[in-house]
> 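I have a structure I would like to understand better, so I am pasting it below and will then ask my questions one at a time.
Letters A, B, ... are given to chains in the order of the sequence lines, protein chains preceding strands, and every chain is numbered from 1.
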Number of protein chains: 2
Amino acid sequence: MSPNSNSSDLAVGIDIGGTKIAVGIVDRNGEILARRSFSTEAAQGFDRAVARIVAAIDECLLESGRRRAELYGIGIGCAGPVSPTRGTIDNPYTLPTWDGVDIVTPLKKEFDRPTFLENDADAAAVGEAYFGAGCGAKSVVMLTYGTGIGSGVLIDGKIYRGAQGTHPELGHLPVELDGPQCYCGIHGCFEAIASGTGISSAGSAAGLGDARHVFAAHSAGDTRAAAIIERALQATRVAVWTIQHTLLPEKIVLGGGIIDDHFALFAEAARGAVAASTMNPQGCTEVVQAVLGNRAGIVGAAQWARMAQMK
Amino acid sequence: MSPNSNSSDLAVGIDIGGTKIAVGIVDRNGEILARRSFSTEAAQGFDRAVARIVAAIDECLLESGRRRAELYGIGIGCAGPVSPTRGTIDNPYTLPTWDGVDIVTPLKKEFDRPTFLENDADAAAVGEAYFGAGCGAKSVVMLTYGTGIGSGVLIDGKIYRGAQGTHPELGHLPVELDGPQCYCGIHGCFEAIASGTGISSAGSAAGLGDARHVFAAHSAGDTRAAAIIERALQATRVAVWTIQHTLLPEKIVLGGGIIDDHFALFAEAARGAVAASTMNPQGCTEVVQAVLGNRAGIVGAAQWARMAQMK
């Protein structure tokens with residue numbers, strides 16, 4: 001399948017999460033011309049979700065006065081693990097009833113356009129790297145502080161892939177040797193301590209409640225809350241130091257719900273780690289805040305549908 | 001400068017360390033046709049070292065019955081930090097009197113051949129990736145356990161470069177939060193614990209002597225030695241886990257003096273870390289032993305002189 005030569009360079013971006021699916025028509029400048037979103041309701045079946053995605057794309061096309069034939073491609077960012085090569089979703093954590101489904105084939109068949117599946121963290125990183133906070137950098141690492149800690153790595157404008165095409169999992173970097181156990185296989189990984197879940201779990205144990213309550217208590221001067229936040233900041237320092245000594249990107253983009261509210265706190269920790277390193281040229285890595293918010297997934301998935309077709 | 005079209009595809013590989021310089025003529029199969037080595041004697045001046053390198057290359061050419069015009073290029077691997085783009089050596093640690101010298105220009109002038117400078121750990125990784133233990137893998141991380149812990153990363157057959165063209169420093173991955181202070185800027189990095197220097201320093205503090213004595217005492221059942229070795233193995237586990245969740249290479253090559261004598265011990269630790277990960281496909285990364293020994297630097301530097309000229 002080759003890209004449409006009279007294409008207006010529109011692409012579809014689809015962002016699939018455990019609770020919500022968002023669909024948008026995106027132009028070559030990363031602008032969303034029309035968008036729709038609806039509940040994932042994974043338990044009601046995969047076919048129903050595909051049908052709703054198809055309907056949403058058609059609605060977006062109608063709203064923006066375009067036709068299916070004008071689409072350059074379709075990009076899907078989905079809560080992982082996913083297999084970009086097989087086009088399958090293998091996510092027993094937040095999309096359990098869909099385990100192993102092929103999302104690429106039905107959409108490719110329906111629209112007759114090149115269709116690509118990526119991890120949602122990679123899609124968001126593509127969005128920020130091309131149209132957001134990572135703009136202008138040759139290499140970008142994006143860390144998304146949400147329920148977990150998602151990561152996307154772009155090197156020379158491409159999604160970085162490790163052995164067997166799988167992607168780095170920076171949320172599972174070791175940051176404490178004796179921290180809480182994680183499903184990844186070790187104690188004290190970055191996500192187990194600095195994610196929303198990690199902070200909530202420490203907050204509950206301290207009688208403070210979830211992450212939101214921990215941050216509020218911290219602002220009010222609570223010392224137990226301060227210790228939990230400091231631990232998350234120290235996890236950030238260790239993770240950023242590690243990123244500096246492995247992938248060594250030009251920009252580290254911090255995003256996600258926790259960062260939306262507390263960027264200054266986490267940026268100071270991350271920048272401190274970068275500045276402390278004697279083995280890297282000073283100022284070689286910039287720490288910046290994500291700017292696209294929840295548009296990053298749609299915009300990045302659409303952009304990847306373009307990039308993946310270029311040689 | 002373009003490669004000689006009637007070239008026999010011979011390249012010069014030069015391996016510059018704090019104590020020794022080795023020079024070889026290498027064919028396209030990674031075979032060393034002739035080699036010379038001599039003491040670095042950095043304190044006696046950089047010009048003298050360049051003159052000795054030039055003489056050694058000419059001797060090697062004479063011995064192998066070749067001419068300068070048959071050389072495809074010259075590759076230099078040097079104890080870093082070095083600047084591949086500027087061609088300068090910036091190593092205040094083991095080549096202090098040469099700080100800031102340009103090694104590329106005089107050799108390029110003398111031989112009128114394309115000349116490339118790389119970190120010695122990267123050169124060794126190129127050697128192992130093309131002609132040694134990393135052969136056949138698309139991505140290779142090499143860890144060299146010597147006085148320090150050197151690292152070289154190859155992705156798709158190319159030396160991986162981070163921001164400002166500098167290379168990953170895997171020896172300075174954080175593996176203990178409260179370990180010994182390192183010049184890199186943190187406490188408890190991989191090198192501070194698992195390198196020859198790290199093991200020697202722990203050995204001296206325990207009254208056991210240097211790394212060689214620590215390993216001997218460990219073999220004899222000494223519990224203090226066992227604790228020091230276990231700490232180095234745990235550092236290896238954490239570092240390998242980190243590599244698995246960042247660069248995620250197909251092969252991890254272990255090399256250097258400590259590995260020559262104790263590969264099984266360190267390989268078991270490294271493989272254990274790979275196997276424990278639930279976020280990577282099982283078996284996606286292999287841990288193997290370096291096979292080129294001290295030839296890796298010459299062979300890799302020569303190979304890089306070829307690779308760097310290919311588009």
Side-chain angles (χ1 to χ4, degrees), chain A residues 80-81 83 137-139 141 151 153 155-156 160-179 182-186 188-191 234 237-239 241-252 273-286, chain B residues 80-81 83 137-139 141 151 153 155-156 160-179 182-186 188-191 234 237-239 241-252 273-286:
Chain A
S83 167
K138 283 177 62 181
S139 49
V141 167
S151 65
V153 179
I155 305 293
D156 290 331
Y160 179 80
R161 299 192 196 286
Q164 295 188 14
T166 55
H167 86 151
E169 290 281 357
L170 306 179
H172 301 285
L173 291 175
V175 298
E176 282 189 21
L177 285 187
D178 49 2
C182 176
Y183 59 86
C184 70
I186 58 166
C189 71
F190 184 22
E191 175 168 309
Q234 177 59 15
R237 286 182 202 106
V238 176
W241 176 279
T242 299
I243 291 165
Q244 276 300 98
H245 290 75
T246 49
L247 298 156
L248 190 49
E250 290 185 359
K251 285 196 184 177
I252 297 177
V274 169
S277 168
T278 67
M279 304 296 287
N280 308 130
Q282 279 297 307
C284 72
T285 298
E286 215 183 327
Chain B
S83 169
K138 281 176 62 182
S139 50
V141 166
S151 66
V153 179
I155 305 293
D156 290 331
Y160 180 80
R161 300 192 195 284
Q164 296 188 14
T166 55
H167 85 150
E169 291 280 357
L170 305 179
H172 301 285
L173 291 175
V175 297
E176 281 188 21
L177 285 186
D178 50 2
C182 176
Y183 59 87
C184 70
I186 57 166
C189 71
F190 184 22
E191 174 168 309
Q234 177 59 15
R237 286 183 202 106
V238 177
W241 177 278
T242 299
I243 292 165
Q244 275 301 98
H245 289 75
T246 50
L247 297 157
L248 191 49
E250 289 185 359
K251 285 197 184 177
I252 297 176
V274 169
S277 168
T278 67
M279 304 296 287
N280 308 129
Q282 279 298 307
C284 72
T285 299
E286 216 184 327

> So which part of B:I243 gets closer than 4.5 Å to some heavy atom of chain A, the side chain, the backbone, both or neither?
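For B:I243, no heavy atom lies under 4.5 Å from chain A.
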> Just jot down the salt bridge (charged side-chain N to carboxylate O under 4.0 Å, His left out) partners of B:E250, sequence neighbours excluded, or say none.
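Expected list: none.
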> Please look at B:L177 and chain A and tell me whether the side chain, the backbone, both or neither of the residue comes under 4.5 angstrom of a heavy atom of that chain.
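Looking at B:L177, just its side chain touches chain A.
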> With a 4.5 angstrom heavy-atom cut-off, which part of B:Y183 approaches chain A: side chain, backbone, both or neither?
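Its backbone and side chain both get close to chain A.
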> Suppose we screen for ring pair (Phe, Tyr, Trp, His ring centres under 6.0 Å). Which residues come up paired with A:H167, at least two apart in sequence or across chains?
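For A:H167 there are no ring pair (Phe, Tyr, Trp, His ring centres under 6.0 Å) partners, ignoring immediate neighbours.
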> Which bit of B:Q244 comes within less than 4.5 Å of chain A, counting heavy atoms only: side chain, backbone, both or neither?
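No part of it gets close to chain A.
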> Give, as side chain, backbone, both or neither, the part of B:P81 having an atom under 4.5 angstrom from any heavy atom of chain A.
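It is neither, since no heavy atom gets under 4.5 Å.
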> Side chain, backbone, both or neither: which part of B:V141 has a heavy atom under 4.5 Å from chain A?
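No part of B:V141 comes within 4.5 Å of chain A.
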> Could you tell me the separation between the CE atom of B:M279 and the SG atom of A:C182, rounded to the nearest 0.5 Å?
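Taking CE in B:M279 and SG in A:C182, the distance rounds to 7.5 Å.
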> Looking at B:I155, B:N280, B:T285, which one has more heavy-atom pairs under 4.5 Å with chain A than the rest?
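Going by pairs under 4.5 Å, I would pick B:I155.
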> Taking the side chain as everything from C-beta on, heavy atoms only, tell me whether B:C189 gets closer than 4.5 Å to A:W241.
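They are not in side-chain contact.
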> Highest number of heavy-atom pairs under 4.5 Å with chain A: which of B:A137, B:A163, B:P168?
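Greatest number of close heavy-atom pairs with chain A: B:A163.
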